[in-house]
Every structure is written in structure tokens, then in C-alpha cells.
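All remarks here apply to the structure that follows.
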Amino acid sequence: MADKFEPNIVGFLCNWCSYAAADLAGSNKLEVPATLTTIRVMCSSRVDPVMLLSAYLRGADGVLVAGCHPGDCHYQTGNYLARRRFALMHKILETFGLDSNRFRLSWISASEGKRFSEVTNEFAEHITKLGPNPLRKMPFIE
Amino acid sequence: MAKIGLYLCECGPNIADAIDLDRVAAEIEKDGKVAGIERHKLFCSADGKKFLAESIKKNGFERFVIAACSPKQHEGTFAEVASDVGLNPQMFQLVNIREQCAWTVPDKEQATGKALRFIRAAVTRVQYHQALEQKEIDCNPDVFVIGGGIAGIEVALRTAHKGRKVFLAEKGELGGMLKERGLLFPAMEPAGDFLGPRIDALRNNPQIELFENCKVKEVLGFFGSFVALLETQEGKEIELKAGSVVLATGAQAFNPKELAEYGYGKLDGVYTADEIEKRGVGKLLTESAKPVKSVAVIHCVGRDKLGYCSKMCCVNSMKIARQIREQSAETEVVELYRDLCLPGKGYDRFYKETEAKGVKFARFESVEVTGGDSGLTVKYKQPGGTGAELAVDMVVLSTGLAANPSNPELADMLSISVDESGFFVEEHAVLNPVSTMTEGVFIAGCARGPGDTRDTIVQASATAGKVLSSLVPGKRLQLETRTSEVSEKLCVGCGTCVTVCAYGATTLDESRHIAVVNEVLCRGCGNCASACPSGAAKHRHFTTRQLNQEVTEILK
């Protein structure tokens with residue numbers, strides 16, 4: 001039996017909204033993909049595009065950045081700046097030969113545990129369909 | 001390499017049943033990056049903390065990773081343990097294998113794999129943790145209150161009562177909206193009986209310095225150390241220093257002149273509720289050219305224009321209707337309402353009492369006031385579409401509350417925002433309703449949104465409590481440790497970090513051509529660190545290196 005493809009997805013979650021939503025999903029025993037590993041940052045604006053690119057170069061099959069809904073940022077405008085920073089992300093990924101849908105930016109508030117579960121499951125399913133990150137086969141990736 | 005300890009918390013059955021901790025321990029041990037692994041049923045318990053502290057000391061661990069619950073729940077708990085054993089509180093990493101693993105991945109095999117990824121990332125990350133110093137600064141416990149209405153007065157009295165020095169600036173006279181109120185609902189007590197003694201207390205309190213007829217020109221500085229510049233009517237400037245600022249700028253009655261359908265300002269006998277209060281109900285009834293036999297009170301004047309319900313006007317207009325009925329029993333009063341807003345304690349009873357006094361209520365969808373030789377005509381459409389008409393001698397317009405027009409200017413000075421209606425935006429609408437996004441700046445009363453006198457007193461008391469507990473005389477202010485810093489060597493002085501900072505924490509040092517971070521203002525979001533094109537800005541405890549190490553380990 002051939003091994004089923006199991007993606008490796010990195011999720012950057014802002015401390016105040018989306019990380020809390022991920023915790024809430026847990027408290028409510030809602031399923032979140034085993035293939036998603038989260039990293040806590042204080043604000044979605046802490047994640048910079050270079051950090052994401054290096055994740056893809058290290059073989060990430062998908063990267064999720066989640067923050068507070070527009071207008072709800074704990075730090076006033078961080079999520080707007082994050083959105084601006086990632087506006088070009090899809091284009092950049094394409095120049096790397098990556099499907100731009102391997103990146104997702106989502107707004108998930110602290111009360112949306114259910115939404116966190118839905119977004120992450122849907123994203124993981126999508127990434128599974130896309131298959132492994134083609135950069136994984138590149139010689140510069142161990 | 002630093003000596004790292006790994007602690008696996010079973011969290012009762014919560015983690016132990018969902019994740020194969022034996023396998024986790026065996027695999028991490030095989031990795032050879034930790035010097036020891038220990039398990040406990042519940043590390044957050046008194047027994048667990050004691051066990052953890054003793055184990056760290058006994059093994060001489062310099063850093064540790066604890067795989068347990070969410071850092072939002074127990075990061076503080078284990079930081080305390082770290083401090084207690086003489087480690088810097090940043091020298092550990094709490095891995096969330098409960099909420100974000102055990103509880104969300106039902107398959108034990110998969111959950112164990114995910115837990116391993118999380119723990120390996122933390123074991124790698126913790127090696128790059130840096131000790132951070134808990135900085136403290138002296139602070140000024142004095143309070144600067146802007147606005148001399150009941151909200152400002154209440155905050156000033158309550159904070160002065162606790163020994164704080166208070167400066168209160170009012171651009172006009174003291175008393176705010178209340179000084180023109182007749183009676184206060186629902187108890188129907190004269191507002192003056194309540195306001196007068198408070199103004200006297202304010203004037204006689206040696207802790208309070210009043211600046212009447214003074215405008216706020218500028219506020220500089222930050223939490224614990226604000227400097228305000230006031231300007232008197234004569235153009236004289238006054239400088240004062242305080243640790244916190246309270247915005248109690250109040251509101252003002254909506255002016256219905258711009259709404260043609262009410263005929264306000266054009267037709268005789270059309271008054272706003274405010275005018276009636278100012279002139280007194282009795283006086284208006286007796287001084288009227290002809291006897292006032294019928295009155296229509298129209299609700300929700302300006303509601304559509306303002307875009308919100310002002311909460312206090314329904315009950316306030318009933319108060320006026322009752323006064324009319326009490327002073328002139330033969331006068332018919334009809335309240336034309338759209339929706340009755342009777343929230344909270346005592347207001348529903350107030351409505352029933354008003355009805356019992358013979359005040360009539362009728363519902364409308366739209367209304368128009370016209371005038372003629374015989375008096376005023378109120379034409380209104382009832383729900384369902386049928387039209388109705390009332391011939392009356394007087395119309396009272398129950399107007400809502402509009403924001404103080406000076407709010408945007410003050411918001412700018414203090415780096416906070418006003419909402420689309422011009423009211424100050426609170427730090428959190430539910431959880432932090434009287435603080436703002438600028439630390440040390442608080443709001444009270446109608447400055448944050450429309451409300452009645454009771455709401456204002458409640459908020460002013462809350463604000464006073466916040467002010468008193470946030471700056472305590474003699475106690476130094478503990479600053480956020482996970483702030484940003486800018487490397488002097490790498491900074492090219494482009495100013496990108498200055499433009500992205502929402503708190504004004506980064507500024508350009510013109511003489512050295514570099515950016516500098518004010519650690520009192522920095523809230524530690526890390527935005528500047530991702531914006532910096534030269535890698536000079538660093539977010540402590542969330543450095544690019546630390547995050548990249550985490551990513552690399554996850555993707556191995």
C-alpha cells in the first residue's frame with residue numbers, strides 16, 4: 001500500500017485572536033488537522049514575507065497566517081499591515097513555481113473556535129489535494 | 001549547549017489519555033538534545049510546581065520546556081517557577097499539547113506525532129531564548145481630567161479622596177449637561193441637589209486644582225509621565241504633569257434644526273427636550289401666550305441621522321411628560337414613539353407609572369409637524385401604514401445625544417481613535433470599556449457613548465478604580481519585557497518602523513539618524529521587526545531567529 005501523502009503545514013497565529021480561537025477549538029473538542037503545527041506570535045504583523053518564503057524553501061506544503069478580524073486588531077492596525085504585506089505573497093509564490101493557494105491569510109477571532117476548526121480542515125484538505133511542495137525535491141533542500 | 005530539561009504534563013487524563021507520552025519521552029531522549037525528561041500528573045498544581053522547581057534545581061537545568069496546556073493559561077505560572085529557582089522567566093517554553101493537540105486530534109498515533117513536532121520545535125527554540133530584564137520606571141501618580149461634567153467631577157472626587165493630586169480642565173463652566181437638567185429620573189430628584197454639593201466639594205478639595213475656561217492645547221508623553229499644555233481664555237499657557245489622563249468630555253444634545261420635518265426653529269411651540277429642561281416645565285406652561293391644552297412628545301429625533309439609540313431619551317421624555325401632567329392636570333400629553341428603550345433597573349416601572357399618570361402612548365413610523373393659525377398639527381404614520389393626526393399646542397422633540405465635537409482633536413493628541421459617530425473608542429468594547437488603546441488614557445461617561453446619569457456615575461467610578469490601581473504612589477511601573485529594540489549598528493534611519501508603529505513608540509533620533517524605541521510605549525506586537533528592511537528592529541522573545549528555528553524544526 002502506497003503511503004498516503006501527509007502534508008506539513010505551518011500556522012502562524014496571533015496571540016489575541018486566532019491563537020485563542022485555536023485554544024477554544026480544543027476546549028470544545030473540535031477537530032484540527034494533525035498536519036498543522038502552530039507557532040504563536042503576538043500579532044499577525046510579526047510574520048514577514050521572508051519568514052514565509054523560508055518556510056516554503058524548507059519544504060512547508062502550506063502556510064497559514066491567522067489574525068484578528070479587520071478593525072479588531074489588539075494592536076490597532078497590525079492586521080491591516082499584515083494584509084498589505086501579504087498582498088503580493090500569491091504572486092511571489094507563483095514566481096517560485098508554487099501554487100499560490102499554498103498560502104492562506106485568515107481572520108479568526110477569539111470566539112471563533114468552530115471557524116478555526118473549519119478553516120484549518122478545509123486548508124489541510126486543499127493542501128493534501130495539491131500534493132507535496134515541489135521545492136521539497138530541489139537539491140538545496142535536505 | 002545549555003542544559004535543557006523537558007517536563008511532560010499529563011494534565012490528569014487530558015493529555016495522558018490522548019498522547020502516548022512514553023513514546024514522546026523515548027523519541028525526544030533519542031534526539032539527545034535534552035538533559036533530562038520528567039513527568040507529572042499536574043504541573044500547575046502546588047505539588048506539581050514544587051516538583052518542577054526541585055527537579056530544575058537538582059538537575060541544574062539552565063532552560064526548560066514544559067509540554068502542557070496553552071501559554072494563555074499557564075505561561076505566567078511557570079514563569080514564576082522559573083523566577084523562584086533563579087532562572088530568567090524567559091528561559092522556558094510552554095508547549096501547548098493540550099488545547100492544540102490532545103483535544104483536537106482524536107487519533108492517538110497522530111496526536112503523538114503532532115505533539116512530538118511541537119515539542120521538538122520548542123526544544124530547539126528554547127536554546128535561542130535570551131534573558132530579558134524586567135524594567136521599571138518611576139511614575140507620576142497625579143491625574144489629569146479633561147471635562148468638568150458629572151463624569152469628570154466624579155473621577156476627580158474619587159481619585160482625590162484617595163490622596164491623588166488631580167488637575168481638572170473644563171473649557172467652559174463646571175457641571176456639563178447636568179447643570180441644565182431639572183429633575184433626574186427615575187427618582188425624580190432635582191439635579192441641582194446632587195450636582196451643587198459635588199461642585200462645592202470639588203472647589204473645596206485642596207487635592208484638586210481646577211482650570212475652568214481652559215482649552216487643552218497639547219498632551220505629550222506617556223503612561224506615568226504625561227505633560228499637558230492648557231490655554232486660558234486670555235491666551236495664557238499653563239503646563240501640568242500627570243501620570244494618567246481621563247477623557248470626560250461628555251456629549252451634547254442633537255440639534256434638530258437640520259431635519260425639516262419637525263419644523264424646529266421655524267414653528268412656534270416646537271421645543272427640544274433640552275430647552276424645556278433649561279426653561280423649566282412649569283414656567284413654559286404658565287408663560288405660554290395661550291393655555292397649553294395638548295402636548296405631543298416625539299421620540300427618536302435624530303436617531304437615524306446619529307445612527308444609534310441614545311438610551312436615555314425615552315425615559316427622559318417621560319419625565320417631562322409626567323411633569324406636565326403633574327403641573328397641569330387638564331393638559332393632554334401623547335408620547336409618539338418608534339421603539340421604547342427601557343433598559344435595566346426601574347425604567348419599565350417608570351414607564352408604567354407614567355402611563356398611570358394619564359400620559360398616552362402611540363407608535364409611529366414617520367412623523368411631520370406643521371403649523372397653522374389654530375396651532376400645531378402632528379401628522380404621523382402608524383405601523384401598518386394608516387395615517388393619524390394630532391392637533392396640539394406644543395411639541396417636545398426628544399433628541400438623542402451627539403458626540404462632543406472636540407473629541408477628534410483630543411483623540412489625535414492621545415493617539416486613540418473616535419468611532420464613526422465621534423465617540424472615543426475603548427480598548428475593548430466588552431472587556432476593557434473604560435481604558436483606551438493608549439496606556440494611561442481612560443474614558444468616562446458620554447465621551448465613550450451616549451448614556452444616562454447613572455451610567456456615567458458607574459463608568460466614572462470604574463475609571464477612578466482603574467486610575468487608582470494602575471498608578472500607585474511609591475510603586476514603580478513594570479514595563480512590558482517582550483518589546484522591540486533597534487540595533488544602532490544596523491539601522492539606516494529610514495523610518496519605516498516609525499510609520500508602522502501604532503503607539504508612537506518608535507521615533508527617529510535626528511542627531512544620530514537612527515530609530516529608537518521608547519520601551520514605555522512599546523506594546524510588543526513585533527510589527528516593526530517585520531517591517532524593518534535592514535533587520536535592525538528586533539522583537540524580543542519573538543526574534544526572527546527564534547521563529548525561524550521553530551519553523552525549521554517543524555519542517556524537518
Side-chain angles (χ1 to χ4, degrees), chain A residues 6 8-16 19-20 22-52 54-61 63 72-78 81-82 85 110 116-117 120 133 136 141-142, chain B residues 69-73 75 94 96 98-107 109-115 117-118 120-121 125 415-417 425 427-429 437-438 482 499-503 523-532 535 539 541-542 544 546-548 550-556:
Chain A
E6 291 247 327
N8 202 342
I9 302 169
V10 181
F12 290 94
L13 310 181
C14 88
N15 181 59
W16 307 99
Y19 195 88
D23 281 355
L24 183 63
S27 305
N28 293 340
K29 310 281 159 78
L30 301 171
E31 278 194 44
V32 172
T35 50
L36 169 81
T37 313
T38 54
I39 293 178
R40 182 169 72 124
V41 285
M42 295 314 279
C43 179
S44 53
S45 69
R46 174 63 192 98
V47 189
D48 74 69
V50 180
M51 212 180 269
L52 294 196
S54 66
Y56 290 109
L57 290 174
R58 288 186 173 104
D61 298 305
V63 179
D72 281 348
C73 179
H74 183 81
Y75 300 104
Q76 298 187 358
T77 51
L81 287 154
R85 251 165 232 157
F116 182 82
S117 163
T120 51
N133 173 355
R136 276 198 195 187
I141 297 195
E142 290 171 43
Chain B
C69 56
S70 173
K72 291 187 88 75
Q73 193 150 3
E75 196 172 38
L94 174 55
N96 187 350
R98 191 180 69 176
E99 281 87 344
Q100 296 195 21
C101 188
W103 283 349
T104 49
V105 182
D107 181 278
E109 175 77 23
Q110 284 188 335
T112 306
K114 185 168 180 170
R117 259 199 315 280
F118 263 128
R120 284 181 170 133
R125 187 193 208 277
S415 311
I416 62 169
S417 338
V425 177
E427 184 177 359
H428 189 285
M437 289 304 282
T438 298
R482 296 167 176 184
T499 61
V500 299
C501 183
Y503 303 99
R523 300 264 184 120
C525 65
N527 190 358
C528 54
S530 4
C532 179
H539 184 197
H541 204 72
F542 292 92
T544 304
Q546 287 162 350
L547 294 174
N548 273 340
E550 226 175 314
V551 173
T552 308
E553 196 56 51
I554 290 170
L555 295 171
K556 257 185 191 164

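Residue numbers start from 1 in every chain, and the chains themselves are labelled A, B, ... in the order their sequence lines are given, proteins ahead of strands.
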Portion of A:Arg85 that has a non-hydrogen atom of chain B nearer than 4.5 angstrom: side chain
- prompt: Would B:Glu553 and B:Arg120 pass as an ion pair if we require N to O under 4.0 Å?
  reply: no
message: Under a 4.5 Å cutoff for heavy-atom pairs, which residue among B:Val500, B:Asp107, B:Val425 has the most contacts with chain A?
response: B:Val500
- request: Please flag which part of B:Thr112 lies under 4.5 Å from any non-hydrogen atom of chain A: side chain, backbone, both or neither.
  value: neither
query: Which one of B:Ala115, B:Ala531, B:Pro71, B:Ser417 has the most heavy-atom pairs closer than 4.5 Å to chain A?
result: B:Pro71
task: Could you look at A:Phe12 and say if it's the side chain, the backbone, both or neither that has a heavy atom under 4.5 Å from chain B?
output: side chain
message: Please classify the contact between A:Ala82 and chain B as side chain, backbone, both or neither, with a heavy-atom cut-off of under 4.5 Å.
response: neither
task: Answer yes if the side chains of A:Thr38 and B:Gln100 hold a donor-acceptor pair under 3.5 Å, and no otherwise.
output: yes
Proximal component of A:Val47, with respect to chain B [non-hydrogen, under 4.5 Å]: backbone
field: B:Gln110 side-chain N/O to A:Ala34 backbone N/O, donor-acceptor pair under 3.5 Å
entry: no
query: Using non-hydrogen atoms only, which part of A:Pro33 is less than 4.5 Å away from chain B: side chain, backbone, both, or neither?
result: backbone
task: Check the pair B:Glu75, B:Arg482 against salt bridge (charged side-chain N to carboxylate O under 4.0 Å, His left out), reporting the backbone distance first and the verdict last.
output: CA-CA 14 Å; B:Glu75 196 172 38; B:Arg482 296 167 176 184; 3.5 Å; yes
